[in-house]
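This report concerns only the one structure given below.
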Amino acid sequence: MAVKKFNPVTPGTRHKIAGTFTDITCSVPEKSLLEPKKSSGGRNHAGKMTVRYIGGGHKQMYRVIDFKRAKDGMAATVATIEYDPNRSARIALIVYADGQKSYILAPNGLKVGQTVLSGDAVAPEVGNTLSLANIPLGTVIHAIELYPGQGAVLARSAGTYAQLLAREGKYAIIKLPSGETRMVLCACRATVGAVSNPDHSLEQHGKAGRKRWLGRKPHNRGVTMNPVDHPMGGGEGRSSGGHPRSRKGLLAKGYKTRNPKKTTSKFIISKKTK
């Protein structure tokens, strides 16, 4: 997929960079795999706003994605490559040999008519899902499980991928998109290839209205507020407000928020660089 720039015929198109959608093959989603998605407006079950700057946006239906890929040994044919409003990556509709349909994250380079498989006895080709114990070292992977049978949780957004570096005993060592190197059980599954839509990071909205379509309201900086509203508020003129911090006083810009006593820290070999 590529991106396109626009002639600045309006202020909204002056800096707009959008995707071309040339990889999309179908504009109507599979109805049996849709679920209603209720927008919260940033409010909890009691109606209290707990997350600011969320509200509005276009109505969306949720596409049910198969992150487990548990139908081992059964071939599935890629029927369509589709746009998903709930994620930055493209999704692929696959049809199994028994007629069942599922949505999966579309890897980069996946084509309509291609066959994908899952299971430990399949070849490590793009779109196939198998355990880390059976993937060759150095392979680019995505949609990685953290616990066997959990379903994919790592490397799922557009253009991301991880790399399988080594295996030590029952653990595989993988390098994540953040630069973090960590150990994951070899019994966990991953999909071969990188996630589709790699040019997503190049896109620019061009105007504030496109953020409103996505359900984001205008964001106010802390330094523009009054002292009663934010720790960085107040002062005469454009004062910096001291150390960057959140509304509750938590330091930002380098303050580590991860619990040092977290039990999974022992599986992290080197920390993230991004």
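Taken together through direct or relayed side-chain contacts under 4.5 Å among Ile, Leu, Val, Met, Phe, Trp and Tyr, Leu164 and Leu154 form part of one hydrophobic cluster. Grouping the Ile, Leu, Val, Met, Phe, Trp and Tyr side chains by contacts below 4.5 angstrom, directly or via other members, places Val122 apart from Tyr96. One hydrophobic cluster, built from ILVMFWY side chains closer than 4.5 Å, cannot hold both Leu176 and Ile173; they sit in different ones. Leu117 and Leu93 fall into different hydrophobic clusters, where Ile, Leu, Val, Met, Phe, Trp and Tyr residues are linked whenever their side-chain heavy atoms come under 4.5 Å apart, directly or through other members. A chain of hydrophobic side-chain contacts below 4.5 Å, direct or via other Ile, Leu, Val, Met, Phe, Trp or Tyr residues, connects Met183 to Leu165.
Taking the side chain to side chain contact (heavy atoms under 4.5 Å, CB included) definition, one finds that Pro85 meets it with Gln60, Arg63, Tyr83, sequence neighbours left out. Lys111 pairs by the side chain to side chain contact (heavy atoms under 4.5 Å, CB included) definition with Gln114, not counting sequence neighbours.
Within the 4.5 Å cutoff, side-chain heavy atoms of Ile141 are placed close to those of Ile135. At least one side-chain heavy atom of Lys217 sits less than 4.5 Å from a side-chain heavy atom of Arg212. In this structure, His230 and Thr224 have side chains that are not in contact, with every pair of non-hydrogen atoms separated by 4.5 Å or more. Residues Thr13 and Asn7 fail the side-chain proximity criterion, which asks for heavy atoms closer than 4.5 Å. Residues Ile174 and Gln163 form no side-chain contact, since every pair of their non-hydrogen atoms from C-beta on lies 4.5 Å or further apart. Side-chain atoms of Lys211 and Pro218, non-hydrogen and from C-beta on, never get closer than 4.5 Å to each other. Contact annotation: the side chain of Lys262 approaches that of Thr264 to within less than 4.5 Å [non-hydrogen atoms, C-beta and beyond]. Ile65 places none of its side-chain heavy atoms less than 4.5 Å from the side chain of Arg156.
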**OP:** Show your working on side chain to side chain contact (heavy atoms under 4.5 Å, CB included) between Leu185 and Lys170 and close with a plain yes or no.
**Re:** CA-CA 6 Å; Leu185 284 168; Lys170 62 179 182 178; 4.1 Å; yes
Subject >> Audit row: Ser196, Asn108, side chain to side chain donor-acceptor pair (under 3.5 Å) steps and yes/no >> reply: CA-CA 4 Å; Ser196 55; Asn108 196 24; over 6 Å; no
**OP:** Check the pair Leu132 / Val184 against side chain to side chain contact (heavy atoms under 4.5 Å, CB included), numbers first and verdict last.
**Re:** CA-CA 9 Å; Leu132 293 172; Val184 179; 3.9 Å; yes
**OP:** With side chain to side chain contact (heavy atoms under 4.5 Å, CB included) as the test, would you mind laying out the steps for Leu105 and Phe67 before giving the verdict?
**Re:** CA-CA 8 Å; Leu105 289 182; Phe67 288 115; 4.0 Å; yes
**OP:** List the steps, then state whether side chain to side chain contact (heavy atoms under 4.5 Å, CB included) holds for Ile269 with Arg182.
**Re:** CA-CA 5 Å; Ile269 299 172; Arg182 68 170 294 144; 5.8 Å; no
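The line from OG of Ser27 to CZ of Phe21 is 12.0 Å long, rounded to the nearest 0.5 Å. Considering NE2 of His58 and OG of Ser39, their distance stands at 12.0 Å, rounded to 0.5 Å. Here the CE atom belonging to Met232 is positioned 11.0 Å from the NE2 atom belonging to His243, to the nearest 0.5 angstrom. Here the OG1 atom belonging to Thr160 is positioned 10.5 Å from the NE2 atom belonging to His200, to the nearest 0.5 angstrom. Arg189 contributes atom CZ, which lies 8.0 Å from atom CG of Leu130 (distance to the nearest 0.5 angstrom). Here CG of Leu110 is found 9.0 Å from CD1 of Ile94. Values are rounded to the nearest 0.5 Å.
Checking Thr50 against Asn44 by side-chain atom types alone, no donor-acceptor pair falls below 3.5 Å. Side-chain contact, Thr80 with Glu82: a donor N or O sits under 3.5 Å from an acceptor N or O. Inspection of the Gln100 and Lys71 side chains reveals an N or O donor paired with an N or O acceptor under 3.5 Å. One side chain, Arg69 or Thr129, offers a donor N or O that lies under 3.5 Å from an acceptor on the other.
Ala79 and Val95 get closest at one heavy-atom pair: CB-CG2, 4.1 Å. Taking both residues in full, the closest heavy atoms of Gly12 and Lys207 are given as CA-CB, 4.0 Å, listed atom of the first, atom of the second, then distance. Tyr161 approaches Pro177 most closely through the heavy-atom pair O-CG, 3.3 Å. Considering all non-hydrogen atoms of both residues, Ala162 and Ile144 come closest at CB-CD1, 3.5 Å. Of all the heavy atoms in Asp120 and Ser131, the pair that sits closest is OD1-OG, 2.9 Å. Across all their heavy atoms, Arg167 and Cys186 have their closest contact at CD-SG, 3.8 Å.
Geometrically, Arg245 does not engage Tyr255 in a cation-pi contact, judged by NZ or CZ lying under 6.0 Å from the ring centre and within 45° of the ring axis.
Other residues, nucleotides and ligands contribute over 12 non-hydrogen atoms within 6.0 Å of the OH atom of Tyr53. For Arg14, the CZ atom counts as loosely surrounded, since its 6.0 Å shell holds 12 or fewer non-hydrogen atoms of other residues, nucleotides or ligands. Taking a 6.0 Å sphere around CG of Asn259, one finds it holds more than 12 heavy atoms contributed by other residues, nucleotides or ligands. The 12-atom threshold is not exceeded at CZ of Arg238, counting heavy atoms of other residues, nucleotides or ligands nearer than 6.0 Å.
Applying the salt bridge (charged side-chain N to carboxylate O under 4.0 Å, His left out) test to residues at least two apart or on different chains, the pairs with a partner in residues 28-48 are Glu30-Lys101.
Side chain of Asn128 to backbone of Ala123: a donor-acceptor contact under 3.5 angstrom is found. Using a distance-only test at 3.5 Å, with no hydrogens or angles considered, no donor-acceptor pair links the side chain of Thr191 to the main chain of Pro107. A donor-acceptor pair under 3.5 Å links the side-chain atoms of Asp84 to the main chain of Asn86, judged by distance alone. Using modelled atom types, no side-chain atom of Asn226 and backbone atom of Gly234 make a donor-acceptor pair closer than 3.5 Å. One N or O on the side chain of Thr25 and one on the backbone of Ile81 form a donor-acceptor pair closer than 3.5 Å. Put simply, the side chain of Gln204 never gets that close to the backbone of Ile17: no donor and acceptor are under 3.5 Å apart. Looking only at distances, a side-chain donor or acceptor of Asn197 sits under 3.5 Å from a matching main-chain atom of Ser88. Of the possible donor and acceptor atoms, none in the side chain of Ser270 sits under 3.5 Å from a partner among the backbone N and O of Glu180.
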